[in-house]
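Have a look at the structure below, then the notes.
Since the model is a prediction, treat every value here as computed from it, not as a measurement.
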Amino acid sequence: MNLQVRKICLLGDFSVGKTSAVRQFVESRYDEKYLTTVGVKIDTKTLNFADRSVKLVIWDIAGTDRATPAYTAYLRGMAGYLLVADGTRPETLKAALGLQRQLEKELGDLPWIGLLNKHDLSADWQISAEDQDRLGDHWYTTSAKTGDNIEHVFETLARRLAP
């Protein structure tokens, strides 16, 4: 079977659940301990589809709300990205949308998917259904804690990457 290797990056503000999403996807587990990512953490996972296999090289990049020149150096060679925001902190969605616009301007139209994470904290959720609808079909509600939609978003992005 045809194996393709693709670099993807997880991007977004600090403490939105990027590392937890990767851990849930790669290891099928959640850890209550919060560890700040310094620089980048790299994991891999291979997905098998009917027509090909895709080995994702996943770069979990330290949280930021804007792409500095040093930050964009981490992005070189990426085939696509996951943009993560915390549904309990609307300012992280605003930062993610700004980051996405900046990346599109600087890097072009790469495949990407947005995650409105921490949906398990429904009592603290601060992004309305109307606001979610306005975001369009690039965005999914997820929970790195429970695993809701995590596998789906990674697989969806992997399918969108160039064959």
Give me the atom names and distance for the closest heavy-atom approach of Asp43 to Lys41. OD2-NZ, 2.8 Å
Can you name the closest pair of heavy atoms from Ala21 and Ala144 and give their distance? N-CB, 3.5 Å
Report yes if some heavy atom in the side chain of [X] is under 4.5 Å from a heavy atom in the side chain of [Y]; otherwise report no.
X	Y	answer
Arg52	Val54	yes
Leu75	Leu107	yes
Leu157	Leu82	yes
Leu103	Leu11	yes
Lys145	Glu32	yes
Val57	Arg6	no
Thr142	Asp148	no

Going through the distances and angles, do Cys9 and Tyr74 end up as a side-chain contact (heavy atoms from CB on, under 4.5 Å)? CA-CA 9 Å; Cys9 295; Tyr74 284 130; 5.9 Å; no
Please report the C-alpha distance between Leu83 and Ile113 in whole Å, then the side-chain angles of each, then the deciding distance to 0.1 Å, and finally whether the side-chain contact (heavy atoms from CB on, under 4.5 Å) criterion is met. CA-CA 6 Å; Leu83 197 57; Ile113 292 179; over 6 Å; no
So, Ser53 versus Asn48: side-chain donor-acceptor pair below 3.5 Å or not? yes
Rounded distance (nearest 0.5 Å) linking atom [atom1] of [X] with atom [atom2] of [Y]:
X	Y	atom1	atom2	result
Thr156	Asp137	OG1	CG	11.0 Å
Arg23	Ser28	CZ	OG	12.5 Å
Leu116	Ser143	CG	OG	12.5 Å
Lys18	Asp86	NZ	CG	10.0 Å
Lys55	Gln4	NZ	CD	13.5 Å
Asp60	Leu10	CG	CG	6.0 Å

For Trp125, which residues count as a ring-ring contact (aromatic ring centres under 6.0 Å, His included) partner, sequence neighbours excluded? His119
Any residue meeting side-chain contact (heavy atoms from CB on, under 4.5 Å) with Glu151, in chain and number order, not counting sequence neighbours: Phe25, Lys45, Leu47, Glu155
Which is it for Leu56 and Thr46 under the side-chain contact (heavy atoms from CB on, under 4.5 Å) test, yes or no, and what are the steps along the way? CA-CA 6 Å; Leu56 295 176; Thr46 301; over 6 Å; no
Regarding Lys7 and the six-membered ring of Trp59, is the cationic atom NZ or CZ under 6.0 Å from the ring centre and inside 45° of its axis? yes
Do the numbers put Arg89 on top of the ring of Phe14, so that NZ or CZ is under 6.0 Å from the six-membered ring centre and no more than 45° off the axis? yes
ILVMFWY network linking Trp139 to Leu121, side-chain heavy atoms under 4.5 angstrom: no
Taking a hydrophobic cluster as the set of Ile, Leu, Val, Met, Phe, Trp and Tyr residues connected by side-chain heavy atoms closer than 4.5 Å, whether directly or through intermediates, do Val153 and Tyr30 fall within one such cluster? no
Can you confirm whether Arg76 is buried at CZ, in the sense that more than 12 heavy atoms of other residues, nucleotides or ligands lie under 6.0 Å from that atom? no
Out of the candidates Thr141, Thr92, Leu93, only one should pair with Ile127 under the side-chain contact (heavy atoms from CB on, under 4.5 Å) rule; please name it. Leu93
Parallel, tilted or perpendicular: ring planes of His152 versus Tyr140, cut at 30 and 60 degrees: perpendicular
Going by an N to O cut-off under 4.0 Å, is there a salt bridge joining Lys118 and Asp120? no
Stepwise side-chain contact (heavy atoms from CB on, under 4.5 Å) test for Val16 and Asn117: CA-CA 7 Å; Val16 295; Asn117 198 33; 5.8 Å; no
